[in-house]
Asks: 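First the structure, then my questions, so here it is.
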Amino acid sequence: MAETEATLLRQFPLFLPQNRAKTVYEGFISAQGRDFHLRLLLPKDLQLRNARLLCSWQLKAVLNGYHHIVQQLIHVFSFKQEVALKNKKEPYVLPPPPKFYSSLIGEIRALGWDKLVYVDPCFSTIKLKADVSGREHLITVKLKAKYPAESPDCVVDFPVPFSVSWTPQSSLISIYSQFLAALESLKTFWDVMDEIDEKTWVLEPEKPTRSATARRIVLGNNISINIEVDPRHPTMLPECCFLGADHVVKPLGIRLSRNIHLWDPENSLLQNLKDVLEIDFPARAILEKSDFSMDCGICYAYQLDGAIPDQVCDNSQCGQSFHYICLYEWLRGLLTSRQSFNIMFGECPYCSKVSSLFVTFHKTVPSFQ
């Protein structure tokens, strides 16, 4: 017995016995990208050749035509598939009773099959969709073993936390209702962000998710504004940061301070930005994004580890853009560059007037070692 047990543990350390006599083993086998429950029953003498292998009809269908492999697994127990308990550190949990599945199917039927996007074979992960104002949203519901006594985990692409109010009498229908209510509360925020994406040239993020609250918007050549919108108050003045050469950025900052009283929450955020900054955003219908996407003057690339150029030479006759990290490393290598607190000064690596140009960082830079 000891020799047989040692063999089993050595070859399948996660395929654990389920009784004191060690005649019943439980585990899972992976086949065709799915996990199947497996049960091994040994006779009292623990001879593997007389063992029985029990599995679901789905696994039997997968193994149909591979009887020699099944026999090898039973007799030799050296089947070369991944076999492991899903929760090796936790006691074995019996599969849910049939009532669990019939109840879930009833909930989905009541909710509407058209709202179901995905359900895994174990009915532990369910994805539902909702269409609000022409926007499709998904919610992933991860059911726990004691559902509905335990609240499931819900995953959504929201800019704010989403928590579900749950009681043992709750169901997928109550989750979906709360999901719809949350979508409705965020409708104005997504309207604001969609208007920005549709009517302006957004540099970052290139493919914004529904949870993204920031946009870097083109204002002109080598000048942009980064805004952070409050999802709860999307029409209020957002946090603004101008990116570009000082001689271009400073006038915009002055206008923002001078006209901030003109901000009207009844207007759209985009219209308010136009009024306060006294500008018109470059039209998507006339200009291309490439008209504003200048490569870095040091690495000669537009994107570097997901970042785009955000530093600009302050020389009006130059205006070359750089990645922050590229310019920082360049200045670190210059003997003439200097650092004062969080600002580094040095000569532009691109224009001809290197002796009269100082580059100012608007980000915190590491200290010299």
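All values below were derived from every heavy atom in this structure, side-chain atoms included, with hydrogens, water molecules and symmetry-related copies excluded. None of these values were measured; they are calculated from a predicted model.
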Asks: Do the charged groups of Asp191 and Arg135 touch, with an N to O distance under 4.0 Å?
Replies: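 Salt bridge: yes.
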
Asks: Donor-acceptor check, side chain of Ser257 to backbone of Gly253, threshold 3.5 angstrom: yes or no?
Replies: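 Here the side-chain-to-backbone pair exists.
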
Asks: Nearest 0.5 angstrom please: Phe179 CZ to Leu138 CG, how far?
Replies: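 Result: 7.0 Å between the selected atoms.
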
Asks: Side chains of Cys348 and Phe322, heavy atoms from C-beta outward: is any pair under 4.5 Å?
Replies: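 A side-chain contact under 4.5 Å exists here.
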
Asks: Judged by atom type as modelled, is there a donor-acceptor pair below 3.5 Å linking the side chain of Asn226 to the main-chain atoms of Cys241?
Replies: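 Between the backbone of Cys241 and the side chain of Asn226 there is no qualifying donor-acceptor contact (under 3.5 Å).
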
Asks: What distance separates Phe123 CZ from Ile108 CD1, expressed to the nearest 0.5 Å?
Replies: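 Answer rounded to 0.5 Å: 5.5 Å.
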
Asks: Under a single-linkage definition using a 4.5 Å side-chain heavy-atom cutoff for Ile, Leu, Val, Met, Phe, Trp and Tyr, are Leu269 and Ile260 assigned to the same hydrophobic cluster?
Replies: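 The answer is yes; both residues are in one hydrophobic cluster.
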
Asks: Quick one: pull up OG1 in Thr140 and NZ in Lys127 and give me the separation to the nearest 0.5 Å.
Replies: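 Interatomic distance, Thr140 OG1 to Lys127 NZ, rounded to 0.5 Å: 4.5 Å.
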
Asks: CD of Glu239: more than 12 outside heavy atoms within 6.0 angstrom?
Replies: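 No.
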
Asks: Less than 3.5 Å apart, any donor N or O on the side chain of Thr167 or Ser170 sitting next to an acceptor on the other?
Replies: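 Yes - a donor-acceptor pair under 3.5 Å links their side chains.
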
Asks: Looking at Ser165 and Gln178, what are the two nearest heavy atoms and their distance?
Replies: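 For Ser165 and Gln178, the tightest heavy-atom pair comes out as N-OE1, 2.7 Å.
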
Asks: Is Glu278 salt-bridged to Arg258, going by a charged N under 4.0 Å from an acidic O?
Replies: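 Salt bridge between Glu278 and Arg258, a charged N being under 4.0 Å from a carboxylate O: yes.
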
Asks: Same hydrophobic cluster for Val117 and Leu111, using side-chain heavy-atom links shorter than 4.5 Å among ILVMFWY?
Replies: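 Not linked; separate clusters.
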
Asks: Quick one, Thr209 and Phe158 - any side-chain contact, counting heavy atoms below 4.5 Å?
Replies: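 They are not in side-chain contact.
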
Asks: Mind telling me whether Tyr147 and Trp166 have parallel, tilted or perpendicular rings, with 30° and 60° as the class edges?
Replies: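 The arrangement is tilted - the two ring planes meet at 30° to 60°.
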
Asks: Walk me through whether Arg216 and Glu228 qualify under salt bridge (charged side-chain N to carboxylate O under 4.0 Å, His left out).
Replies: CA-CA 9 Å; Arg216 181 179 171 188; Glu228 186 77 31; over 6 Å; no

Asks: Hydrophobic clustering (ILVMFWY, side-chain heavy atoms < 4.5 Å, transitive) - are Met236 and Leu270 grouped together?
Replies: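 Shared cluster, no.
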
Asks: Given side chains that start at C-beta, do those of Ile225 and Leu252 come closer than 4.5 Å, heavy atoms only?
Replies: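 The answer is no; the side chains never approach within 4.5 Å.
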
Asks: Are more than 12 heavy atoms from other residues, nucleotides or ligands located less than 6.0 Å from atom NZ of Lys250?
Replies: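 No.
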
Asks: Transitively linked via ILVMFWY side-chain contacts under 4.5 Å: Val192 with Val132?
Replies: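 Yes: a chain of side-chain contacts under 4.5 Å links Val192 to Val132.
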
Asks: Ion pair present between Lys274 and Asp280, side-chain N to carboxylate O less than 4.0 angstrom?
Replies: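 No, no charged N to carboxylate O under 4.0 Å.
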
Asks: Other residues, nucleotides and ligands only: do more than 12 of their heavy atoms fall within 6.0 Å of NZ on Lys146?
Replies: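 Counting neighbours around NZ of Lys146, 12 or fewer heavy atoms of other residues, nucleotides or ligands fall under 6.0 Å, so no.
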
Asks: Grouping I, L, V, M, F, W and Y whenever their side-chain heavy atoms are under 4.5 Å apart, do Leu262 and Ile254 come out in a common cluster?
Replies: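 They do not share one cluster, since no chain of ILVMFWY contacts under 4.5 Å joins Leu262 to Ile254.
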
Asks: I need the His137 NE2 to Leu186 CG distance, nearest 0.5 Å.
Replies: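 Here the interatomic distance stands at 8.5 Å.
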
Asks: Shortest non-hydrogen contact from Val276 to Trp263?
Replies: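 So the minimum-distance heavy-atom pair works out to CG2-CE3, 3.7 Å.
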
Asks: Over all heavy atoms of both residues, which pair between Asn259 and Asp275 is shortest? Give the atoms and the distance, please.
Replies: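 Smallest heavy-atom distance, with atoms named: ND2-O, 4.2 Å.
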
Asks: One pair to check against side-chain contact (heavy atoms from CB on, under 4.5 Å): Asn272 and Thr235. What are the steps and the verdict?
Replies: CA-CA 9 Å; Asn272 275 316; Thr235 60; 5.8 Å; no

Asks: Would a 4.5 Å heavy-atom cut-off, applied to side chains only, mark Val141 and Ile175 as touching?
Replies: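 Result yes, sub-4.5 Å side-chain heavy-atom pair found.
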
Asks: Arg232 and Val160: side-chain contact (heavy atoms from CB on, under 4.5 Å), yes or no, with the steps?
Replies: CA-CA 8 Å; Arg232 298 299 189 188; Val160 294; 3.7 Å; yes

Asks: Once you round to the nearest 0.5 Å, how far does OG of Ser124 lie from CG of Leu143?
Replies: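 Going from OG on Ser124 over to CG on Leu143, the span is 7.0 Å.
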
Asks: Does the side-chain contact (heavy atoms from CB on, under 4.5 Å) test come out yes or no for Val229 and Phe189, once each step is laid out?
Replies: CA-CA 8 Å; Val229 181; Phe189 167 74; 4.1 Å; yes

Asks: Run the numbers on Lys199 and Phe281 for side-chain contact (heavy atoms from CB on, under 4.5 Å), then give the verdict.
Replies: CA-CA 8 Å; Lys199 296 183 179 180; Phe281 291 94; over 6 Å; no

Asks: Go through the steps to decide whether Arg215 and Asp197 satisfy the test salt bridge (charged side-chain N to carboxylate O under 4.0 Å, His left out), and finish with yes or no.
Replies: CA-CA 9 Å; Arg215 293 292 191 275; Asp197 294 335; 2.8 Å; yes

Asks: Please tell me if the side chains of Asp153 and Val164 come closer than 4.5 Å, counting only heavy atoms from C-beta onward.
Replies: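 Heavy-atom side-chain distance check fails, nothing below 4.5 Å.
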
Asks: Looking at Gly134, is its backbone amide N or carbonyl O close enough to the side chain of Asp131 to form a donor-acceptor pair, meaning the two atoms are under 3.5 Å apart?
Replies: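 Pair found, side chain donor or acceptor close to backbone of Gly134.
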
Asks: Please check this pair: side chain of Asp157 against backbone of Ser211, looking for a donor-acceptor N/O pair closer than 3.5 Å.
Replies: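 Checking the backbone N and O of Ser211 against the side chain of Asp157, a donor-acceptor pair under 3.5 Å is found.
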
Asks: Does the Glu107 side chain pair with the main chain of Ile173, one donor and one acceptor, at a distance under 3.5 Å?
Replies: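 Judged by distance alone, no pair lies under 3.5 Å.
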
Asks: Between CG of Leu219 and CG of Leu203, what distance do you get to the nearest 0.5 Å?
Replies: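 One finds 9.5 Å between CG of Leu219 and CG of Leu203.
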
Asks: If only atom types and distance count, is the side chain of Asn267 paired as donor or acceptor with the main-chain N or O of Gln271 below 3.5 Å?
Replies: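 No; zero donor-acceptor contacts below 3.5 Å.
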
Asks: Could you report the tightest heavy-atom contact between Arg210 and Trp190, atom names first, then the distance?
Replies: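 That closest heavy-atom pairing would be O-NE1, 2.9 Å.
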
